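These figures come from a predicted structure and were not determined experimentally. Positions are given from 1 along the sequence.
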Amino acid sequence: MKSKYGIYKVRLASFNLKLLQIEENTKQIISNIRQASLDKVSVLVFSELCLTGYTANDLFLNKNLFDKVKISLEEIKKEVNKDLVVFVGGHLIYKDKIYNVSYVFSNYQLVGIVGKTYLPNYGEFYEKRWFSSIKEIPNKNIDFLNQKDVPIGNDLIFEFGDDLKIGCEICEDLFVINPPSNNYSLNGANLIVNLSASSEIISKKEYRENLIYMASSKNYVGYLYNSSSQGESSQDLVFSNCKMIVEAGTILNRSYTDSYIDGLIDIFNIENQRLKYKSSFEQASLPCRYIKIETSNSEIDLLPNKVNPYPFILLDLEKRRERSKQIISLQAQGLILRLVNSHFQKVVIGISGGLDSCLALLVAIEAFKKLNLDPKNIICVSMPGFATSKLTYSNSKQLIQLANATYLKIDIKKSCLQQLKDINHPTDVYDTTYENLQARTRTSILMNLANQNNALVIGTGDLSELALGFATYNGDHMSNYGVNSSIPKTLIKSLVLDYGYYHKEFEKVLTSIVNTPISPELIPSKDKSISQKTEQIIGKYDLHDFFLYQFMRNNASKEKIYQLAKIAFNNLEEKYIKDTLDIFFKRFFTNQFKRSCLPDGVKVGTISLSPRGDFRMASDIDYKNSLNSDD
């Protein structure tokens, strides 16, 4: 079994458990197995001791109960085909000891038995009264259910299909200082399942969820947690029925009800993150045994039904606004450190009336507030050229006035005309030379003003432009410090809007700036309107930021990114998505030379293209032969 995109469907199942009614519980388990097979599930996990119920207590000592369990296990074994692996909680009596275990089935076989390592014996828990830790088992393999040499222990990793490597722990194993999942992960497991029977008390829900989240996050694994259904609740205890599916720190699904929940675990994503953070996985404390499970030759081509088109932006509005404050604060802190350590008290910013320079100014405002510096020391320069529109000029002037910063207007047309004349370039030929000459003229003015005022030139270029190389080399590409260098364009929009939400005096002009078409404004129009629109040239930034996230964060292939983008942007034509994706990869691989000499800039998120930290690539890679080109 192989997954084309590395995505596997997993399921956590519970049912209306009946204490000690093993036959009825078995029917429910088998019904769930059959449904999972029909639904193309690869991994199915039940809860701890779900055959009998966790609260069977002293009846675990009754051998007749275990005889019934063995009959049920034989029935279950007959139901699990080659394309499914199933974890069923039960108890095992072996050599006069009782173990709390997960029985693991696939290919109509019992492929292994994983035992509970840590037995709680405090508060409402009395497990040592009945069970022994699996560490005490005298054999590494046992004969059981008419099978020879069934692997048993807490050191088993089940290799299922081409990519899945599954470790299993049981309930309390998660709650200890050094859980078995740590060792499984260090030995290569990329998916951990936990069969649990977790009682519910006030505040335990949040504590439990944090443990599950951190276990998945720090080990870069998928984590499947399934706790007992409310059918367990009896006498003094109420059980949680908690189900959580988490992928490397991202919660995919969560429920506290009976029935089942599904999730799509992206194993390629997990493995790529591990390659990036490989230093965490260099040495395992204890070796594990790998149990190879025979599967069919079928191929899975699963993709999620829904994909977030804006991965850089939180969907919850309140959380997004709070995150925006944190991001701008981080940007400001980076600028503060540069100003203090370089002994500058003034900055120079080129203000165009566009998104990027707007955010740079907002960051400077916040930095100067924290430093108790006069905002007049923020020197804002408006440099209208051949194509500056009335709208952007008006927006920039209003923004500077609201900031109470110093306003300078320096018209660059005369200087640019002289340079065009000097190099014998026609003034009506609107080519790259014509465009870049304007950008470099503006940067030269900013640098000279900075020298004149003993100030720092604040760069305004963003992460999206760096990825695409959509900046003029030694023009807007250059500065003394870039405050937006790790902020993508889509995120900048929300940062600017959210700043207006908290600072009402800015709200109107910031909304106008966000709603203004993105443009370098280098090609003139007859009516002083914006004729040159960036997204008509290179494609929508919504797409480019999505591509950037999938490529840099998840190391996804070009084909996988395309398939995910079709789902995320189902309102766009497939040809437009594909053409824009081609533009992204071509520009990404042919513009590394600009990133290689990038000025310093503050990092605020997990993705950065700084050549000194997060991303190193040769500048001379042949795009047509690059890893992610299909040309």
Exercise. Assess whether side-chain contact (heavy atoms from CB on, under 4.5 Å) is satisfied between Ile245 and Leu264, documenting all intermediate values.
Key: CA-CA 9 Å; Ile245 300 174; Leu264 296 180; over 6 Å; no
Exercise. Please test Asp614 against Lys276 for salt bridge (charged side-chain N to carboxylate O under 4.0 Å, His left out), starting from the C-alpha separation and ending with a verdict.
Key: CA-CA 10 Å; Asp614 288 77; Lys276 185 174 182 179; 5.1 Å; no
Quiz item: Passes salt bridge (charged side-chain N to carboxylate O under 4.0 Å, His left out), Asp582 versus Lys586? Steps please.
Solution: CA-CA 6 Å; Asp582 288 340; Lys586 182 176 182 179; over 6 Å; no
Exercise. Would you sort out whether Glu209 and Met244 count as a side-chain contact (heavy atoms from CB on, under 4.5 Å), showing the intermediate values?
Key: CA-CA 8 Å; Glu209 288 189 0; Met244 281 185 71; 3.5 Å; yes
Exercise. Quick one: do Tyr5 and Phe268 satisfy ring-ring contact (aromatic ring centres under 6.0 Å, His included)? Show the steps, please.
Key: CA-CA 7 Å; Tyr5 301 110; Phe268 287 179; 8.4 Å; no
Practice problem: Report the C-alpha distance between Phe588 and Phe584 in whole Å, list the side-chain angles of each, state the deciding distance to 0.1 Å, and finish with yes or no for ring-ring contact (aromatic ring centres under 6.0 Å, His included). | Solution: CA-CA 6 Å; Phe588 186 90; Phe584 173 83; 5.8 Å; yes
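Of the candidates His477, Lys489, Lys594, Lys489 is the only one forming a side chain to side chain donor-acceptor pair (under 3.5 Å) with Glu465. Remark: of the listed residues Thr388, Thr392, Thr534, Thr392 is the sole one forming a side chain to side chain donor-acceptor pair (under 3.5 Å) with Glu521.
Side-chain rings of Phe593 and Tyr473 approach one another, their centers coming within less than 6.0 Å. Aromatic pair Phe386/Tyr430: centroids not less than 6.0 angstrom apart.
Looking at every heavy atom in both residues, Thr472 comes nearest to Ala439 through OG1-CB, 3.4 Å. Of all the heavy atoms in Leu466 and Arg595, the pair that sits closest is O-NH1, 2.8 Å. The shortest heavy-atom contact between Asn190 and Ile267 is ND2-CG2, 3.5 Å. Considering all non-hydrogen atoms of both residues, Ser216 and Ala248 come closest at OG-N, 2.9 Å. Across all their heavy atoms, Pro488 and Phe312 have their closest contact at CG-CG, 3.5 Å.
Asn377 places no side-chain N or O within donor-acceptor distance of the main-chain N or O of Lys346, the cut-off being under 3.5 Å. With hydrogens and angles ignored, the 3.5 Å screen pairs a side-chain donor or acceptor of Ser608 with a backbone N or O of Ser610. Of the possible polar contacts, none joining the Asn554 side chain to the Ala556 backbone as a donor-acceptor pair under 3.5 Å is found.
Classification of the Phe585-Phe589 ring pair by plane angle, with boundaries at 30° and 60°, yields parallel.
Looking at Asp545 and Lys540, no side-chain N of the basic residue comes within less than 4.0 Å of a carboxylate O on the acidic one, giving no salt bridge.
Residue Leu497 holds its CG atom at 7.5 Å from CG of Asn515, rounded to the nearest 0.5 Å.
Note that Arg321 lies in the cation-pi zone of Tyr501, set by a 6.0 Å cut-off to the ring centre and a 45° limit from the axis.
A 4.5 Å side-chain heavy-atom check between Arg616 and Pro611 finds every atom pair outside the cut-off. Side-chain contact between Gln592 and Asp620 is absent, with no heavy-atom pair separated by less than 4.5 Å. No side-chain heavy atom of Met383 sits under 4.5 Å from any side-chain heavy atom of Lys409. In this structure, the side chains of Leu362 and Cys358 come closer than 4.5 Å at one or more pairs of heavy atoms. Between Leu522 and Tyr434, the closest side-chain pair of non-hydrogen atoms is not below 4.5 Å.
Heavy atoms from other residues, nucleotides or ligands lying under 6.0 Å from CZ of Arg323 number 12 at most.
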